[in-house]
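A quick write-up on the structure given underneath.
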Amino acid sequence: MALVVRSSHLKRIAVLTSGGDSPGLNACLRAIVRTALTHHLEIFGIRRGFKGLISGDLIPLDGRSVSGVINRGGTFLLTARDKEFRTGKGIKKACLVLAKHRMGGLIVLGGNGSLQGAWELSQKTSTAVMGVPKSIDNDVGGTDFSIGFDTAVNTAVEVIDRIRDTATSHERLFLVETMGRKRGFLALATAIAGGAESVLLPELSSDIPSLCRKLAEAKRHGKVSSIVVVAEGDESGGAFKIAKRIQRSAKGYDVRVSVIGHQQRGGAPSAFDRILASQFGTAAVEALIRGERTKLVGIQGGKLTLSPLESAWKIEKPLDPNLLRLSEILSS
Ligand code: F6P
């Protein structure tokens, strides 16, 4: 198989991870470094995301820098949410650092906020900028999956399996809160795979009285325990508030709340995330070599894609209506 994508004047590229971490970032960094070296490019890591770009915190990477990282959660480059970067002054500083280091390409591993920052930077620098989607919320446009989502779903489902044991033993109702500040992809997938009785999502208005009726009906039919998955960003204000409302209107329930929280952001990436992250990393480097710029790597309909970088935040992905229907049928 031919390894050379096309001759290019590209000599040196850099990579950074920005925003909340997600499992699989290290696998992606490993693929980026190894692909760059395969194509005889110099590769630098920028520590602490855009913050490190502004302060010029660059480290050279080689094949050994990424040994033994494919199975590790987090990001060995460290990450940050940086407010200064999104100011004109911050972007100007970043452009100067990229120019000073004669950086031909920059790969940004980020969620939709960071990728919007990457796009803003791309409008001011001659360095070619490439985006790679990562987010346990899976809320990045222009890709069906972002790095970390699959692992986060698996983590949440493992928690639900454990909670079901205690919920059944005590005949209790559990509200389990997943992350997902604005979108419910993680909560919906978790609810289906965890066999939850109901799911409350930021995208849909949550009708607590009808949820109470549904739970009461299930009880009448002999269901002694129930699990309701609540996305962090649900309009009712999270699992604790909903638990109080249920407790008030549906007497006779012994309600408990479990917030999974940042556990979903850590841990060894699933095989799916390792493979996805590796494919994204290699695709990003090879796109730069082909002369692409201001693009987002993604996967759509099972195929690797390159979309305009703006897709990351301009395209609002809908929840899959088939999954919504499935969750409705299976929880009845
Ligand atoms: O964007 C990913 C996410 O995990 C959200 O679901 C969550 O609300 C947020 O990050 C929490 O981020 P942090 O605690 O790192 O600020």
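Order of appearance sets the numbers: ligands from 1, and atoms from 1 within every ligand.
Residue pairs satisfying the side-chain hydrogen bond (donor to acceptor under 3.5 Å, both in side chains) criterion with at least one member in residues 189-199, sequence neighbours excluded, are listed as follows: Glu197-Lys223. For residues 95-116, the set of pairs meeting the salt bridge (charged side-chain N to carboxylate O under 4.0 Å, His left out) definition, not counting sequence neighbours, is empty. For the side-chain hydrogen bond (donor to acceptor under 3.5 Å, both in side chains) condition, the pairs that include at least one residue of residues 174-189, sequence neighbours left out, are Arg183-Glu203.
When the shell of 6.0 Å around CD of Gln300 is examined, it contains more than 12 heavy atoms from other residues, nucleotides or ligands.
Because its NZ or CZ atom is not both nearer than 6.0 Å to the ring centre of Phe85 and within 45° of the ring axis, Lys51 does not count as a cation-pi partner of that residue.
In this structure, CD1 in Ile260 is found 10.5 Å from CD in Glu158, a value given to the nearest 0.5 Å.
A heavy-atom cutoff of 4.0 Å around ligand 1 is satisfied by the protein residues Arg81, Ile136, Asp137, Met179, Gly180, Arg181, Glu232, His262, Arg265.
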